[in-house]
Structure formats: C-alpha cells, structure tokens
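Remember, it's a predicted structure, so these values are computed and weren't measured experimentally. In what follows, every chain begins at residue 1, and chains take the letters A, B, ... in the order their sequences are listed.
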There are 2 protein chains.
Amino acid sequence: MEPECGLALSARKVEYLKFIFQTGGMVRTSEIASAFNVDPSTITKTLTELAAAEYIRHVPYHGVCLTKTGEQHAEFLVKRHRILSLMLVRNGLLPKDACSEASRFESQVTKKAVDRICHFMGHPRQSACGEITHDDDCLERGRGKQS
Amino acid sequence: MEPECGLALSARKVEYLKFIFQTGGMVRTSEIASAFNVDPSTITKTLTELAAAEYIRHVPYHGVCLTKTGEQHAEFLVKRHRILSLMLVRNGLLPKDACSEASRFESQVTKKAVDRICHFMGHPRQSACGEITHDDDCLERGRGKQS
DNA sequence: TAAAATTTTGGAGATACTCCAAAAAATAAG
DNA sequence: CTTATTTTTTGGAGTATCTCCAAAATTTTA
C-alpha cells in the first residue's frame, strides 16, 4: 500500500474535505462547524492539520480552500463514497442507508478496491448520492493493473 | 441505532474476538499476541476490556474463553466479515483483497446492513473466507423488518 | 525447589477526537 | 472612525484506543 492507497485521512477529515469540495471556493470555519455540529475550535484544529498536509490552504480568520492536490483527492473521496453507496444499493440497501453506511466505513477502502468495483459496475455515472466521474487511473486499474 | 447495531466494538476488538472464536476453547494471551504481532501486555489490557463488557471470561494467567453473549456476537462478526468479503468478490475484487479490505472496514457496518445484503445475495453458504451461517434475525430482517 | 517462560501491572507516549474559556481579529453599527 | 458584535483562533484539558517497555507476579519446566 503506497502513500496513494486512499487511507491517508481519518473518517472525520474525509468528511470535512468532501464538504469543502462540495461547498466550493473559500469555506468558513463556522460553515463546517455548523454542518457537522462541532465546536468551531475543533474545526480550526483539524483545518490546521489538513493545511499541514497540503490538502487545503488556510487563511486565518477568513477560511480555507482546496489546493490542487486537495481538489484531486477530494474528487477521489467523493467518487469513493458514491461508488460504495451504489454498490450497497445494488446489493439491497435503501439509498439513505447505503449513504450513511458508506460514510461510516469509506475511509478504510483503498483506491485500488474502488477502481476495481467501479470497473466491475461498468463505470456508472449516477449513484444514490450524485454523479460519478472517472479518471484514467480508474479506467486502467479496473482492467487489472497491479498495485 | 440500538445497542445491537453491530458497531459496539472497535476494529481491533473485532479482530481479537473473531480470533478467539475461531481458535475455540481457552485461548492464551500469547497466542493472540503472536497472531497479531503485538506486545502481550497490550493483549492483556484489551482482554480486560472485553471481559468487562462480558464478551469473554478472563482467568488471569490462564487465558480467555467466550461467554454465551460473546459467542453469539462472534458468530455475527464472522458472518459479517464473510458476507462483506463475498459482496466485494461479487463486485470484482480478488478473494484475498476482498478479505483484507473487509477486515479494515467491517467494524463500521451495521447488522441491519449485513442482514439486508445477506438476504439480497440469497443467504449464500460459502464466501471467500469460509462458510456462512444464518440466524433468524437475518432471515426476517432481510425481508424488510424495520430497525 | 530453583530456573525459565508466561502473564500482568504500572508507566508512559501517540493519535485522534472533543469542548470550554479567553484572546485575537474581522465585521457591523452608530 | 470608533465602539460593539460576531467570528475565529489559542491554550488548556479530557476521553478513547492503541501501543510498547520494564518490573512484578504467577505458572510451568527442569
């Protein structure tokens, strides 16, 4: 499992990064805090860590935005969520349950696995939670690229 | 999510409990320690917690065995692992990858979801990692029992 | 019964969360 | 344009898990 296996971020950080990505542009501490119902000071601390890892740029007292790397990674995070949700729906779960189950465990699923599942499902464009976009990696890896 | 949603134990404790169940009878601290490559003192601490939660009986210096509750729960844990592994195999993963992915995230999947997936897959008896057994709960819930 | 192996205890550290109170900075109101 | 309000950050502290090491306790072996 290389650095880019998709397990680098905790479940919480995955949620925050997806939220920042989906909100778009400059996102304020208070927006994240109220979206997840946690104290703003908690958000500040986590944002500092995400900034140290260069997923986001943090302008103190003004907000955060994704770096190029952060944006690419967030795209993967959103796709992972949607592919896993879709797999669960296709295996008997209700859309809302699929979504909440996936949110709980998705941080533990590698990119390699996601790419394979995505390939197996025929690179679907729509899941229970929104559109799915596909990158080259996924298209290659799904066919059996090792590692 | 009631107490019995299947999220009560950490990933690590799930691993230990499955191991104790699959080893059977009285299991020694050192067996678990070497199986997972952690210090025996770490195992002792975790066993103390599992004993406090009444999943196991701990006879100091001699080992642990499952309680009735622990055995029932371990059956669920093993089944969950196998159902999820099978779902992954049926969605394009290689058996060994399916098994390791499932081990990483299974602790975050509810019993309700497992029962639904199991029902959807037709209550299969064989997965990549071994036999699958079915309980009444699963058979009912899979048909749409709420909560 | 003494030596060796196993297990437990106690101490300490890492990671990842969390909140609260107080200080700092930005924004809005007068 | 200065004061009051709101937002954000800092610092402190606490919880939960998981980890290892060294030393003590216990069991097993020789």
Side-chain angles (χ1 to χ4, degrees), chain A residues 1 3 5-20 23 25-66 73 77 103-109, chain B residues 1 3 5-20 23 25-66 73 77 103-109:
Chain A
M1 297 293 135
C5 63
L7 306 181
L9 296 177
S10 69
R12 220 43 174 147
K13 291 198 177 94
V14 166
E15 291 298 314
Y16 296 160
L17 217 56
K18 285 192 299 178
F19 179 83
I20 294 165
T23 301
M26 207 67 170
V27 183
R28 317 209 59 172
T29 298
S30 54
E31 294 184 67
I32 309 174
S34 60
F36 293 94
N37 243 285
V38 296
D39 194 277
S41 65
T42 301
I43 301 298
T44 299
K45 286 192 164 80
T46 308
L47 292 181
T48 301
E49 290 167 5
L50 284 171
E54 308 207 50
Y55 289 104
I56 60 175
R57 222 180 323 280
H58 184 196
V59 185
Y61 295 100
H62 289 278
V64 294
C65 60
L66 294 171
H73 197 66
L77 299 182
S103 295
R104 235 181 296 100
F105 73 74
E106 63 194 33
S107 70
Q108 298 303 312
V109 181
Chain B
M1 296 293 137
C5 62
L7 307 180
L9 296 176
S10 69
R12 222 40 176 150
K13 291 198 177 96
V14 166
E15 290 299 312
Y16 295 161
L17 217 56
K18 284 192 300 180
F19 179 82
I20 294 166
T23 301
M26 207 67 171
V27 183
R28 315 211 58 172
T29 298
S30 55
E31 293 183 69
I32 308 174
S34 59
F36 293 94
N37 245 285
V38 295
D39 194 278
S41 66
T42 301
I43 301 298
T44 299
K45 286 192 165 80
T46 308
L47 292 181
T48 301
E49 291 168 4
L50 284 171
E54 308 208 49
Y55 289 105
I56 59 175
R57 222 181 322 281
H58 185 196
V59 184
Y61 295 101
H62 290 278
V64 294
C65 59
L66 294 171
H73 197 67
L77 299 182
S103 294
R104 234 181 298 99
F105 73 73
E106 62 194 33
S107 71
Q108 299 301 314
V109 181

What nucleic acid atoms does Lys13(A) come within less than 4.0 Å of, heavy atoms only: base, sugar-phosphate, or nothing? sugar-phosphate
Touch class at under 4.0 angstrom, heavy-atom based, for Tyr16(B) against every strand present: sugar-phosphate
Answer yes or no: does a side-chain N or O of Thr46(A) lie under 4.0 Å from OP1 or OP2 of dC17(C)? no
When you compare the side chain of Leu17(B) with that of Leu66(B), does any pair of heavy atoms fall below 4.5 Å?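 The answer is yes, as the side chains (C-beta and beyond) meet within the 4.5 Å cut-off.
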If we only count heavy atoms from C-beta on, is the Thr46(A) to Val38(A) side-chain gap below 4.5 Å? no
Rounded to the nearest angstrom, tell me the gap between atom [atom1] in [X] and atom [atom2] in [N].
X: Met26(A); N: dA26(C); atom1: CE; atom2: C1'; result: 13 Å
X: Lys45(A); N: dT15(C); atom1: NZ; atom2: P; result: 16 Å
X: Gln108(A); N: dA16(C); atom1: CD; atom2: C1'; result: 13 Å
X: Glu49(A); N: dT15(C); atom1: CD; atom2: C1'; result: 9 Å
X: Arg12(B); N: dC20(D); atom1: CZ; atom2: P; result: 9 Å

Contact list (N/O, under 3.5 angstrom) for nucleotides 3-9 of chain D vs protein:
from	atom 1	to	atom 2	distance (Å)
dT8(D)	OP1	Arg28(A)	NE	3.2
dT8(D)	OP1	Ser30(A)	OG	3.4
dT8(D)	OP2	Ser30(A)	N	3.0
dT8(D)	OP2	Ser30(A)	OG	2.9
dT8(D)	O3'	Tyr61(A)	N	3.4
dT9(D)	OP1	His58(A)	NE2	2.4
dT9(D)	OP1	Tyr61(A)	N	3.3
dT9(D)	OP2	Thr29(A)	OG1	2.8
dT9(D)	OP2	Thr44(A)	OG1	2.6

Contacts of Glu54(B) meeting side chain to side chain donor-acceptor pair (under 3.5 Å) (sequence neighbours excluded), chain-then-number -> none
Report the residues that fulfil side chain to side chain donor-acceptor pair (under 3.5 Å) with Ser41(A), sequence neighbours left out, ordered by chain and then residue number.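 Expected list: Asp39(A).
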Salt bridge check: are Arg12(B) and Glu49(B) linked by an N-O gap of less than 4.0 Å?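 Here Arg12(B) does not pair with Glu49(B) in a salt bridge, since their nearest N and O are not under 4.0 Å apart.
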Among dC18(D), dC17(C), dC20(D), the nucleotide that comes nearest once only the side chain of Ser10(B) is considered: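 Selected nucleotide: dC18(D).
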For the residue pair Tyr16(B) and Phe36(B), categorise the inter-ring angle as parallel (less than 30°), tilted (30 to 60°) or perpendicular (more than 60°). perpendicular
